[in-house]
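Only one structure is covered here, and it is reproduced in the block below.
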Amino acid sequence: MREIHHLIGGRQVEGQSGRFGDVYNPNTGEVQARVALASAAEMDSAVANARAAFPAWAATNPQRRARVMFEFKRLLEAHIDELAALLSAEHGKVIADSRGDVQRGIDVVEFACGIPHLQKGEYTDAAGPGIDVYSMRQPLGVVAGITPFNFPAMIPCWMAAVAIACGNTFILKPSEKDPSVPMRLAELLLEAGAPEGVLNVVHGDKVAVDAILRHPDIKAVSFVGSSDIAQYVYATGTAHGKRVQAMGGAKNHGIIMPDCNMAQAVKDIVGAAYGSAGERCMALPVAVTVGQKTGDEFVERMLEAARGLKVGLSTDPEAHYGPVVSAAHKAKIEHYIQMGVDEGADLRLDGRGLQLQGAEQGYFIGPSLFDHVRPDMTSYQDEIFGPVLQVVRAETLEEAAALPSNHQYGNGCAIFTSNGRAAREFAAQVNVGMVGVNVPIPVPVSYHTFGGWKRSAFGDTNQHGPEGVRFWTKIKTVTQRWPEGDEIGDQAFIIPTMG
Ligand code: NAD
């Protein structure tokens, strides 16, 4: 059985805890590898390595740090097929979608190549007589990232590429469900010239996470995962004096206006609701139709589109989406489908019970569609994270827009309309962090910033973009004065002013 080790101080290190996690192939339900689950002592060792590497890396000039990122980007591009295949085999995303995951990571590395410019401070010449003021953005020290299963290439890059480019040294604790891609990323960063200890990968579960949250030498933690754990990570990390950003779950709404291009909206939403088996925090699992005629037409067209989807092996180039990540997750999705039925929603398409010939033990689940879902239903309020679209009927835009605004999650949402004024008003008013206008999955490009509101994010600084650079650095402001000759300033007992 293949064993996945930690990567500490530039070397593969076998797990010492005696605990392992099974890594499944979701296409077949077979265990394909086992991954070491770290103890607190193993985390200590990784932090010690990162701490030893920090002074030299922080002192490496930003242009040289950027050169490592340029080379890392080149290597990721050269290895994209290998990475996509590895990702697909552990996550279950189809290959084209897996390439997209890697490409989104590469985009953030490309952003991090601009670090000499991004990390520049500000300068005021002659803020007072002979006095200049300047600021600098310094790295924090040893920092950590804890990532979910659903984007094993993109999300580690969101965190590690920006943090490391800023001069920090990094501990990555990837999801134990699909740990191989994060390991390859770390190996490629070493190959790109990052010194040993700059990026350490420590696999594990709650034990490793708790060791990160309590470690006195870890200065900042970035987390992405489900909301209850995000909230726990935020509360525990900040209680231990760390800077923390913790992104959580989502339930993104798409508003379907009567004046939208219906053919386009259906095409977009079928991909956004069912792509990657719905296992995206920016998926669109709720469609809110405005007006009965719009609702009826949308549901009929969506049913037709969803029935035409091919669910297949993640390696099948014809498949629209593959299996979900685990047997437990499949059972959870099926549980929510039953809950929707029990709560009185109208199940128009039932994806349960799908079996693929020759892959009967795979975690496949067909597309499901509920009509007449109501906001008081638990199956509407909770995140399902599967290939399930819930249609809520509204009569007006106001009524429709209140739904995402009042929902506990506030990651993304979208509006489909040809009315620019309505779209502009919606984007300005909705109580959600990322908005698409005729764009179903509005994941911002790497040089903008990613982050939701409400229970979709704890902490106030987003991922990547200039916000990411702010999260991974602290600002120092210097006020300097160089008196001439023997000049002695006035003794001042009042707060100095530049007046
Ligand atoms: P998860 O919360 O189960 O796991 C995330 C990380 O937390 C993993 O590294 C895991 O090992 C660790 N973890 C699990 N249980 C823990 C515990 N009890 N204590 C401490 N750490 C623990 O999430 P997941 O299932 O891997 O990912 C799916 C979730 O992530 C969904 O809710 C999805 O919406 C969310 N997500 C959010 C964003 C975003 O940017 N908002 C992006 C991607 C995914």
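Whatever order the structure lists ligands and atoms in, that order sets their numbers, starting from 1. What you see below is based on every heavy atom in this structure, not just the backbone, and it leaves out hydrogens, waters and symmetry mates.
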If the threshold is 4.0 Å, N to carboxylate O, is there a salt bridge linking [X] and [Y]?
X      : Y      : result
Asp217 : Arg51  : yes
Glu82  : Arg184 : yes
Glu334 : Arg352 : no
Asp371 : Arg393 : yes
Asp228 : Arg455 : yes

Please write down residue, atom name and distance for the protein heavy atom closest to [atom].
atom                    : value
atom 42 (C) of ligand 1 : Cys281 SG, 2.9 Å
atom 20 (C) of ligand 1 : Val209 CG1, 3.6 Å
atom 22 (C) of ligand 1 : Ile229 CG2, 3.7 Å
atom 18 (N) of ligand 1 : Lys206 CD, 3.7 Å
atom 24 (P) of ligand 1 : Phe149 CD2, 3.6 Å

**OP:** Identify which one of Asp205, Leu213, Ile212 satisfies the side chain to side chain contact (heavy atoms under 4.5 Å, CB included) criterion when paired with Val209.
**Re:**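 For Val209, the side chain to side chain contact (heavy atoms under 4.5 Å, CB included) test succeeds with only one of Asp205, Leu213, Ile212, which is Leu213.
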Original post:
Given His215, which of Val47, Val221, Asp210 fulfils the side chain to side chain contact (heavy atoms under 4.5 Å, CB included) condition?
Top reply: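 Filter result, single survivor: Val47.
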Below 4.0 Å, non-hydrogen atoms only: which portion of [X] touches ligand 1? Side chain, backbone, both or neither.
X      : answer
Asp210 : neither
Phe223 : side chain
Met282 : neither
Glu176 : side chain
Ile155 : side chain

Original post:
Which is it for Val391 and Thr289 under the side-chain contact (heavy atoms from CB on, under 4.5 Å) test, yes or no, and what are the steps along the way?
Top reply: CA-CA 7 Å; Val391 179; Thr289 55; 4.1 Å; yes
**OP:** Could you check which of Gly248, Pro152, Gly145, Ala457 puts a non-hydrogen atom nearest to atom 41 (N) of ligand 1?
**Re:**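 Checking each option, the heavy atom nearest atom 41 (N) of ligand 1 is found in Gly248.
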Subject >> Heavy-atom nearest option to atom 27 (O) of ligand 1, drawn from Gly412, Pro148, Gly21 >> reply: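 When every heavy atom of Gly412, Pro148, Gly21 is considered, Pro148 comes closest to atom 27 (O) of ligand 1.
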Close N or O approach ([X], ligand 1; < 3.5 Å):
X      : answer
Ser226 : yes
Glu383 : yes
Thr147 : yes
Ser227 : no
Gly225 : yes

With heavy atoms of [X] as the reference, note each atom of ligand 1 found under 4.0 Å away.
X      : result
Gly249 : 32 (O), 34 (O)
Phe450 : 39 (C), 40 (O)
Val224 : 5 (C), 36 (N), 37 (C), 38 (C), 39 (C), 40 (O), 42 (C), 43 (C), 44 (C)
Asn150 : 43 (C), 44 (C)

Original post:
Does a donor on one side chain sit under 3.5 Å from an acceptor on the other, for Gln32 and Glu90?
Top reply: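 Not at all, the side chains of Gln32 and Glu90 share no donor-acceptor pair under 3.5 Å.
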Original post:
Just wondering, more than 12 heavy atoms not from Asp376 lying within 6.0 Å of its CG?
Top reply: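 For Asp376, atom CG is crowded (more than 12 foreign heavy atoms under 6.0 Å).
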Subject >> Test log, rule ring pair (Phe, Tyr, Trp, His ring centres under 6.0 Å), inputs His464 and Phe111 >> reply: CA-CA 8 Å; His464 63 73; Phe111 166 75; 7.2 Å; no
**OP:** Please confirm whether Lys93 makes a cation-pi placement over Phe151, using NZ or CZ under 6.0 Å from the six-membered ring centre and within 45° of the ring normal.
**Re:**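 Yes, a cation-pi geometry.
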**OP:** Please work out which of the three classes, parallel, tilted or perpendicular, describes the rings of Trp158 and Phe450, given edges at 30° and 60°.
**Re:**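 Geometry flag for Trp158 against Phe450: tilted rings.
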**OP:** Take atom 15 (N) of ligand 1 and look for protein heavy atoms under 4.0 Å from it; say yes if you find one, no if not.
**Re:**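 There is a protein heavy atom less than 4.0 Å from atom 15 (N) of ligand 1.
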**OP:** Check Pro387 against Tyr321 and note the closest heavy-atom contact, atom names and distance.
**Re:**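 Looking at all heavy atoms of both residues, the closest pair is CB-OH, 3.5 Å.
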Original post:
Does ligand 1 have any atom sitting under 4.0 Å from a heavy atom of Phe385?
Top reply: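 Phe385: in contact with ligand 1 (<4.0 Å).
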